[in-house]
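The next block holds one structure in the form of C-alpha coordinates; read it before the comments.
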Amino acid sequence: MKNGKRMAAALLLLTVLLVTVLVAGDQFQDVPLKQNTGGSYPDAQEDLIVVGFSQLGSESVWRTTHTDSIREALSKENGFFLQYDNARQKQENQIKAVRGFISQRVDYIVLSPLMEDGWETVLTEAKEAGIPVILVDRKISGADSLYTTFIGSDMEAEGRKAGEWLVQYQKKRGKEDEPLNIVMLTGTPGSSSQLGRSRGFYEVAAEHPNWKFIDLASGDFTVIKGREVMGEFLRRHRKIDVVVSQNDEMTFGALEAIQNAGRMTGLPGSMIVISFDGMKEALELVADGRINCVVECNPRQGDVVARVIKRLEAGEPVGKVYYVREQVFTRENARDHLAGYEAKEAE
Ligand code: AHR
(Lines give C-alpha, C1' and ligand atoms only; values in the text may rest on other atoms or scores of the structure.)
Protein backbone atom coordinates (compact mmCIF):
# COMPACT_ATOMS: atom_id res chain seq x y z
CA MET A 1 0.00 0.00 0.00
CA LYS A 2 2.79 2.33 1.12
CA ASN A 3 4.73 1.49 -2.05
CA GLY A 4 1.66 2.17 -4.17
CA LYS A 5 1.29 5.65 -2.63
CA ARG A 6 4.96 6.39 -3.17
CA MET A 7 4.68 5.28 -6.77
CA ALA A 8 1.63 7.51 -7.33
CA ALA A 9 3.43 10.53 -5.76
CA ALA A 10 6.50 9.91 -7.94
CA LEU A 11 4.33 9.70 -11.03
CA LEU A 12 2.56 12.95 -10.12
CA LEU A 13 5.90 14.76 -9.58
CA LEU A 14 7.20 13.48 -12.90
CA THR A 15 4.06 14.71 -14.70
CA VAL A 16 4.32 18.17 -13.06
CA LEU A 17 8.01 18.47 -14.02
CA LEU A 18 7.26 17.38 -17.58
CA VAL A 19 4.40 19.87 -17.95
CA THR A 20 6.55 22.70 -16.51
CA VAL A 21 9.32 22.01 -19.00
CA LEU A 22 6.88 21.76 -21.93
CA VAL A 23 5.04 24.97 -21.06
CA ALA A 24 8.29 26.84 -20.48
CA GLY A 25 9.77 25.46 -23.68
CA ASP A 26 6.74 26.73 -25.55
CA GLN A 27 6.96 30.22 -24.16
CA PHE A 28 10.66 30.98 -24.01
CA GLN A 29 13.82 30.43 -25.91
CA ASP A 30 16.92 29.49 -23.94
CA VAL A 31 15.01 28.51 -20.78
CA PRO A 32 17.35 27.30 -18.05
CA LEU A 33 16.25 24.37 -15.91
CA LYS A 34 15.67 26.18 -12.66
CA GLN A 35 13.72 24.07 -10.16
CA ASN A 36 10.56 25.60 -8.78
CA THR A 37 11.25 24.22 -5.31
CA GLY A 38 14.00 26.65 -4.38
CA GLY A 39 16.71 24.60 -6.06
CA SER A 40 19.53 26.14 -8.03
CA TYR A 41 20.54 26.33 -11.71
CA PRO A 42 22.69 23.54 -13.11
CA ASP A 43 26.42 23.84 -12.39
CA ALA A 44 27.40 25.53 -15.63
CA GLN A 45 25.09 28.47 -14.88
CA GLU A 46 25.74 28.83 -11.18
CA ASP A 47 28.06 31.83 -11.40
CA LEU A 48 26.00 33.59 -14.02
CA ILE A 49 23.55 36.42 -13.41
CA VAL A 50 20.19 35.24 -14.72
CA VAL A 51 18.26 37.89 -16.64
CA GLY A 52 14.81 37.58 -18.20
CA PHE A 53 14.42 39.96 -21.16
CA SER A 54 10.95 40.71 -22.48
CA GLN A 55 11.22 42.39 -25.88
CA LEU A 56 8.03 43.90 -27.29
CA GLY A 57 8.41 42.65 -30.87
CA SER A 58 10.51 42.77 -34.01
CA GLU A 59 8.68 45.41 -36.04
CA SER A 60 11.72 47.33 -37.27
CA VAL A 61 15.43 47.17 -37.99
CA TRP A 62 15.79 49.47 -34.97
CA ARG A 63 14.11 46.83 -32.82
CA THR A 64 16.28 43.94 -34.00
CA THR A 65 19.39 46.09 -33.48
CA HIS A 66 18.14 46.84 -29.95
CA THR A 67 17.57 43.12 -29.25
CA ASP A 68 21.03 42.23 -30.59
CA SER A 69 22.65 44.93 -28.48
CA ILE A 70 21.11 43.51 -25.29
CA ARG A 71 21.81 39.89 -26.22
CA GLU A 72 25.44 40.68 -27.00
CA ALA A 73 26.00 42.62 -23.78
CA LEU A 74 24.24 40.04 -21.57
CA SER A 75 26.28 37.14 -22.91
CA LYS A 76 27.73 34.19 -21.00
CA GLU A 77 31.22 35.59 -21.64
CA ASN A 78 30.15 38.71 -19.77
CA GLY A 79 28.76 36.68 -16.87
CA PHE A 80 25.07 36.56 -17.76
CA PHE A 81 22.53 33.86 -18.52
CA LEU A 82 19.83 35.43 -20.67
CA GLN A 83 16.28 34.26 -21.21
CA TYR A 84 14.71 36.08 -24.13
CA ASP A 85 11.04 36.42 -24.99
CA ASN A 86 9.59 38.21 -28.03
CA ALA A 87 6.04 39.43 -27.25
CA ARG A 88 5.17 40.05 -30.91
CA GLN A 89 3.47 43.41 -30.24
CA LYS A 90 1.08 42.05 -27.62
CA GLN A 91 1.14 43.44 -24.09
CA GLU A 92 -0.56 40.30 -22.75
CA ASN A 93 2.41 38.26 -24.05
CA GLN A 94 4.82 40.59 -22.24
CA ILE A 95 2.87 40.26 -18.99
CA LYS A 96 2.91 36.46 -19.39
CA ALA A 97 6.66 36.50 -20.01
CA VAL A 98 7.34 38.68 -16.96
CA ARG A 99 5.21 36.34 -14.82
CA GLY A 100 7.22 33.40 -16.19
CA PHE A 101 10.47 35.14 -15.21
CA ILE A 102 9.11 35.80 -11.72
CA SER A 103 8.08 32.19 -11.20
CA GLN A 104 11.54 31.06 -12.30
CA ARG A 105 13.07 33.57 -9.90
CA VAL A 106 15.47 35.18 -12.33
CA ASP A 107 17.89 37.67 -10.80
CA TYR A 108 16.78 40.64 -12.95
CA ILE A 109 14.00 41.43 -15.41
CA VAL A 110 14.73 43.67 -18.40
CA LEU A 111 11.51 44.98 -19.95
CA SER A 112 11.00 46.95 -23.15
CA PRO A 113 7.33 47.89 -22.63
CA LEU A 114 5.01 48.08 -25.63
CA MET A 115 2.90 50.84 -24.12
CA GLU A 116 3.03 53.14 -21.14
CA ASP A 117 -0.08 51.94 -19.27
CA GLY A 118 -1.03 48.59 -17.79
CA TRP A 119 2.07 47.50 -15.85
CA GLU A 120 1.00 48.18 -12.26
CA THR A 121 -0.10 44.64 -11.34
CA VAL A 122 2.67 42.56 -12.87
CA LEU A 123 5.47 44.92 -11.80
CA THR A 124 4.08 44.93 -8.26
CA GLU A 125 4.36 41.13 -8.40
CA ALA A 126 8.01 41.44 -9.48
CA LYS A 127 8.66 43.92 -6.68
CA GLU A 128 7.07 41.64 -4.10
CA ALA A 129 9.25 38.80 -5.39
CA GLY A 130 12.29 41.04 -4.84
CA ILE A 131 13.32 41.03 -8.53
CA PRO A 132 14.69 44.36 -9.80
CA VAL A 133 13.12 45.51 -13.07
CA ILE A 134 15.14 47.49 -15.59
CA LEU A 135 13.12 49.31 -18.22
CA VAL A 136 14.75 49.76 -21.61
CA ASP A 137 13.80 51.83 -24.67
CA ARG A 138 10.29 52.91 -23.58
CA LYS A 139 8.89 54.21 -20.33
CA ILE A 140 5.81 53.26 -18.32
CA SER A 141 3.21 55.41 -16.57
CA GLY A 142 2.50 55.03 -12.85
CA ALA A 143 4.72 54.80 -9.81
CA ASP A 144 8.50 55.14 -10.22
CA SER A 145 8.89 52.58 -7.44
CA LEU A 146 7.76 49.84 -9.85
CA TYR A 147 11.17 49.74 -11.52
CA THR A 148 14.80 50.22 -10.55
CA THR A 149 16.20 52.07 -13.57
CA PHE A 150 15.20 53.26 -17.02
CA ILE A 151 17.74 53.08 -19.86
CA GLY A 152 16.74 54.50 -23.23
CA SER A 153 15.82 57.60 -25.19
CA ASP A 154 14.36 60.92 -24.17
CA MET A 155 11.46 60.71 -26.61
CA GLU A 156 10.16 64.19 -25.87
CA ALA A 157 13.57 65.66 -26.58
CA GLU A 158 13.57 63.76 -29.89
CA GLY A 159 10.21 65.33 -30.83
CA ARG A 160 11.50 68.79 -29.89
CA LYS A 161 14.67 68.28 -31.95
CA ALA A 162 12.52 67.48 -34.99
CA GLY A 163 10.45 70.63 -34.47
CA GLU A 164 13.51 72.80 -33.89
CA TRP A 165 15.17 71.45 -37.02
CA LEU A 166 12.09 72.48 -39.04
CA VAL A 167 12.17 75.98 -37.52
CA GLN A 168 15.82 76.43 -38.52
CA TYR A 169 15.32 74.90 -41.97
CA GLN A 170 12.50 77.32 -42.76
CA LYS A 171 14.48 80.24 -41.36
CA LYS A 172 17.51 79.47 -43.54
CA ARG A 173 15.25 79.55 -46.59
CA GLY A 174 13.62 82.80 -45.44
CA LYS A 175 10.29 80.97 -45.17
CA GLU A 176 9.69 80.98 -41.43
CA ASP A 177 6.38 82.84 -41.72
CA GLU A 178 4.96 80.86 -44.63
CA PRO A 179 2.04 78.52 -43.86
CA LEU A 180 2.95 74.84 -43.56
CA ASN A 181 0.50 71.96 -43.96
CA ILE A 182 1.81 69.10 -41.81
CA VAL A 183 0.79 65.43 -41.75
CA MET A 184 2.03 63.09 -39.03
CA LEU A 185 2.45 59.31 -39.11
CA THR A 186 2.51 58.23 -35.50
CA GLY A 187 3.87 55.03 -33.93
CA THR A 188 2.16 52.40 -31.77
CA PRO A 189 -0.64 54.24 -29.94
CA GLY A 190 0.06 54.64 -26.23
CA SER A 191 3.76 53.80 -26.51
CA SER A 192 6.13 56.25 -24.88
CA SER A 193 7.90 56.77 -28.22
CA GLN A 194 4.62 57.83 -29.87
CA LEU A 195 3.48 59.94 -26.93
CA GLY A 196 6.86 61.56 -26.27
CA ARG A 197 7.72 62.38 -29.88
CA SER A 198 4.26 63.84 -30.43
CA ARG A 199 4.42 65.95 -27.25
CA GLY A 200 7.89 67.28 -28.08
CA PHE A 201 6.98 68.21 -31.66
CA TYR A 202 3.69 69.86 -30.61
CA GLU A 203 5.56 71.88 -28.02
CA VAL A 204 7.62 73.54 -30.75
CA ALA A 205 4.64 73.75 -33.11
CA ALA A 206 2.67 75.67 -30.46
CA GLU A 207 5.03 78.61 -31.01
CA HIS A 208 4.35 78.64 -34.76
CA PRO A 209 0.74 79.48 -35.58
CA ASN A 210 1.55 79.18 -39.30
CA TRP A 211 2.09 75.39 -38.82
CA LYS A 212 -1.18 73.57 -39.47
CA PHE A 213 -1.69 69.86 -38.69
CA ILE A 214 -3.99 68.71 -41.46
CA ASP A 215 -3.92 64.95 -40.77
CA LEU A 216 -2.60 62.36 -38.36
CA ALA A 217 -2.83 58.56 -38.21
CA SER A 218 -0.98 55.63 -36.69
CA GLY A 219 1.30 53.62 -38.94
CA ASP A 220 2.23 51.31 -36.02
CA PHE A 221 5.97 51.76 -36.68
CA THR A 222 5.78 49.47 -39.75
CA VAL A 223 6.52 49.89 -43.48
CA ILE A 224 3.17 48.45 -44.60
CA LYS A 225 1.07 50.71 -42.41
CA GLY A 226 3.28 53.69 -43.22
CA ARG A 227 2.61 53.17 -46.93
CA GLU A 228 -1.12 52.73 -46.35
CA VAL A 229 -1.48 55.80 -44.10
CA MET A 230 0.58 58.07 -46.36
CA GLY A 231 -1.41 56.85 -49.40
CA GLU A 232 -4.58 57.91 -47.62
CA PHE A 233 -3.11 61.32 -46.69
CA LEU A 234 -2.19 61.91 -50.33
CA ARG A 235 -5.67 60.99 -51.48
CA ARG A 236 -7.24 63.38 -48.97
CA HIS A 237 -4.96 66.41 -49.31
CA ARG A 238 -3.66 68.23 -52.35
CA LYS A 239 -1.20 70.41 -50.45
CA ILE A 240 1.11 68.64 -48.01
CA ASP A 241 4.28 70.56 -47.10
CA VAL A 242 5.75 68.46 -44.31
CA VAL A 243 5.60 64.74 -43.48
CA VAL A 244 6.58 63.89 -39.90
CA SER A 245 6.99 60.14 -39.60
CA GLN A 246 7.77 58.78 -36.14
CA ASN A 247 10.16 56.05 -37.32
CA ASP A 248 12.26 55.02 -40.32
CA GLU A 249 10.11 52.03 -41.24
CA MET A 250 6.98 54.17 -41.66
CA THR A 251 9.08 56.69 -43.59
CA PHE A 252 10.15 53.99 -46.08
CA GLY A 253 6.48 53.10 -46.60
CA ALA A 254 5.52 56.78 -46.89
CA LEU A 255 8.23 57.40 -49.50
CA GLU A 256 6.88 54.51 -51.58
CA ALA A 257 3.35 55.95 -51.38
CA ILE A 258 4.66 59.40 -52.38
CA GLN A 259 6.47 57.91 -55.35
CA ASN A 260 3.42 55.82 -56.35
CA ALA A 261 1.35 59.00 -56.32
CA GLY A 262 3.82 60.61 -58.72
CA ARG A 263 4.89 63.11 -56.05
CA MET A 264 8.41 64.07 -54.96
CA THR A 265 10.60 64.68 -51.96
CA GLY A 266 14.09 66.14 -51.85
CA LEU A 267 13.56 68.78 -54.54
CA PRO A 268 13.06 72.51 -54.08
CA GLY A 269 9.39 73.10 -53.36
CA SER A 270 8.61 69.39 -52.76
CA MET A 271 7.50 67.83 -49.47
CA ILE A 272 9.84 68.03 -46.48
CA VAL A 273 10.30 64.65 -44.78
CA ILE A 274 11.30 64.24 -41.13
CA SER A 275 11.96 60.80 -39.68
CA PHE A 276 13.18 59.21 -36.42
CA ASP A 277 15.72 56.39 -35.70
CA GLY A 278 18.66 56.85 -38.09
CA MET A 279 19.37 53.31 -39.19
CA LYS A 280 21.69 52.78 -42.17
CA GLU A 281 19.07 52.72 -44.95
CA ALA A 282 17.51 55.95 -43.70
CA LEU A 283 20.90 57.67 -43.53
CA GLU A 284 21.48 56.71 -47.16
CA LEU A 285 18.19 58.38 -48.07
CA VAL A 286 19.22 61.47 -46.08
CA ALA A 287 22.54 61.57 -47.94
CA ASP A 288 20.62 61.31 -51.25
CA GLY A 289 18.29 64.10 -50.13
CA ARG A 290 15.07 62.07 -50.17
CA ILE A 291 14.66 62.44 -46.42
CA ASN A 292 15.49 65.92 -45.07
CA CYS A 293 16.14 65.12 -41.44
CA VAL A 294 16.33 62.09 -39.15
CA VAL A 295 16.33 62.50 -35.39
CA GLU A 296 18.39 59.67 -33.99
CA CYS A 297 16.94 57.09 -31.62
CA ASN A 298 19.88 55.08 -30.36
CA PRO A 299 19.17 51.32 -30.03
CA ARG A 300 22.59 50.41 -28.60
CA GLN A 301 21.54 50.18 -24.97
CA GLY A 302 22.92 46.74 -24.04
CA ASP A 303 26.26 47.90 -22.57
CA VAL A 304 24.54 50.33 -20.22
CA VAL A 305 22.15 47.57 -19.10
CA ALA A 306 25.10 45.25 -18.38
CA ARG A 307 26.93 47.98 -16.46
CA VAL A 308 23.88 48.87 -14.36
CA ILE A 309 23.30 45.21 -13.43
CA LYS A 310 26.97 44.74 -12.49
CA ARG A 311 26.74 47.80 -10.23
CA LEU A 312 23.59 46.47 -8.58
CA GLU A 313 25.35 43.14 -8.06
CA ALA A 314 28.21 44.98 -6.34
CA GLY A 315 25.71 46.76 -4.09
CA GLU A 316 26.55 50.13 -5.66
CA PRO A 317 23.92 52.82 -6.24
CA VAL A 318 22.52 53.30 -9.75
CA GLY A 319 20.69 56.22 -11.37
CA LYS A 320 16.96 56.18 -11.97
CA VAL A 321 17.26 57.30 -15.61
CA TYR A 322 20.03 56.81 -18.18
CA TYR A 323 19.42 58.54 -21.51
CA VAL A 324 21.48 57.35 -24.47
CA ARG A 325 23.30 59.96 -26.60
CA GLU A 326 21.44 60.97 -29.75
CA GLN A 327 21.89 63.47 -32.56
CA VAL A 328 20.20 64.89 -35.64
CA PHE A 329 21.16 63.66 -39.12
CA THR A 330 20.88 65.88 -42.18
CA ARG A 331 22.45 65.97 -45.63
CA GLU A 332 25.43 67.80 -44.10
CA ASN A 333 26.52 64.99 -41.76
CA ALA A 334 24.80 61.79 -43.03
CA ARG A 335 27.77 60.61 -45.12
CA ASP A 336 30.16 60.81 -42.13
CA HIS A 337 27.85 58.61 -40.09
CA LEU A 338 27.44 56.15 -42.94
CA ALA A 339 31.22 55.84 -43.04
CA GLY A 340 31.05 54.92 -39.34
CA TYR A 341 28.51 52.17 -40.12
CA GLU A 342 30.67 50.78 -42.91
CA ALA A 343 33.73 50.72 -40.67
CA LYS A 344 31.77 48.74 -38.04
CA GLU A 345 30.52 46.28 -40.67
CA ALA A 346 34.08 45.73 -41.86
CA GLU A 347 35.31 44.87 -38.32
O1 AHR B 1 10.62 52.81 -29.14
C2 AHR B 1 11.52 53.01 -30.17
C3 AHR B 1 10.82 52.92 -31.47
O4 AHR B 1 10.28 51.63 -31.64
C5 AHR B 1 11.69 53.13 -32.70
O6 AHR B 1 11.63 54.41 -33.18
C7 AHR B 1 11.02 52.25 -33.69
O8 AHR B 1 11.72 52.03 -34.87
C9 AHR B 1 10.66 51.10 -32.88
O10 AHR B 1 9.75 50.28 -33.46
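The shown structure was predicted, so the numbers you read here are calculated from the model rather than taken from an experiment. Along the sequence shown, residues carry numbers from 1. Each ligand, and each atom within it, is numbered from 1 in the order the structure gives.
- For ligand 1, the atoms lying closer than 4.0 Å to a non-hydrogen atom of Arg63 are 1 (O), 2 (C), 3 (C), 4 (O), 9 (C), 10 (O).
- The shortest contact between atom 2 (C) of ligand 1 and any protein heavy atom is with Asp137 OD1, 3.3 Å.
- Ligand 1 is never approached by Met279 to a heavy-atom distance shorter than 4.0 Å.
- Looking at heavy atoms from C-beta onward, Ile272 lies in side-chain contact with Leu166 at the 4.5 angstrom threshold.
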request  = Take Phe201 and Trp165, measure what ring-ring contact (aromatic ring centres under 6.0 Å, His included) needs, and give me the verdict at the end.
outcome  = CA-CA 10 Å; Phe201 193 82; Trp165 174 84; 10.0 Å; no
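- By the 6.0 Å and 45° rule, Lys127 does not stack over the aromatic ring of Tyr147.
- The shortest contact between atom 10 (O) of ligand 1 and any protein heavy atom is with Glu59 OE2, 2.3 Å.
- The distance criterion of under 3.5 Å between nitrogen or oxygen atoms is not met by Trp62 with respect to ligand 1.
- With a 4.0 Å heavy-atom cut-off, ligand 1 is reached by no atom of Gln89.
- The aromatic rings of Phe53 and Tyr84 lie tilted to each other, with the angle between the two planes from 30° to 60°.
- Remark: of the listed residues Asp137, Asp277, Asn86, Asp137 is the sole one forming a side chain to side chain donor-acceptor pair (under 3.5 Å) with Arg63.
- Side-chain contact check for Phe221 versus Ser193: some heavy-atom pair is nearer than 4.5 Å.
- Counting the atoms of ligand 1 from 1 in the order shown, those under 4.0 Å from a heavy atom of Met155 are 1 (O).
- A heavy-atom separation below 4.0 Å is not found between Gln194 and ligand 1.
- A side-chain donor-acceptor contact under 3.5 Å links Thr67 and Gln55.
- Ligand 1 is never approached by Glu249 to a heavy-atom distance shorter than 4.0 Å.
- Counted by atom type alone, Gln246 and Ser198 present one or more donor-acceptor pairs between their side chains at under 3.5 Å.
- Of the protein's non-hydrogen atoms, Arg138 NH2, 3.8 Å is the one closest to atom 3 (C) of ligand 1.
- Among all protein heavy atoms, the one lying closest to atom 5 (C) of ligand 1 is Asp277 OD1, 3.3 Å.
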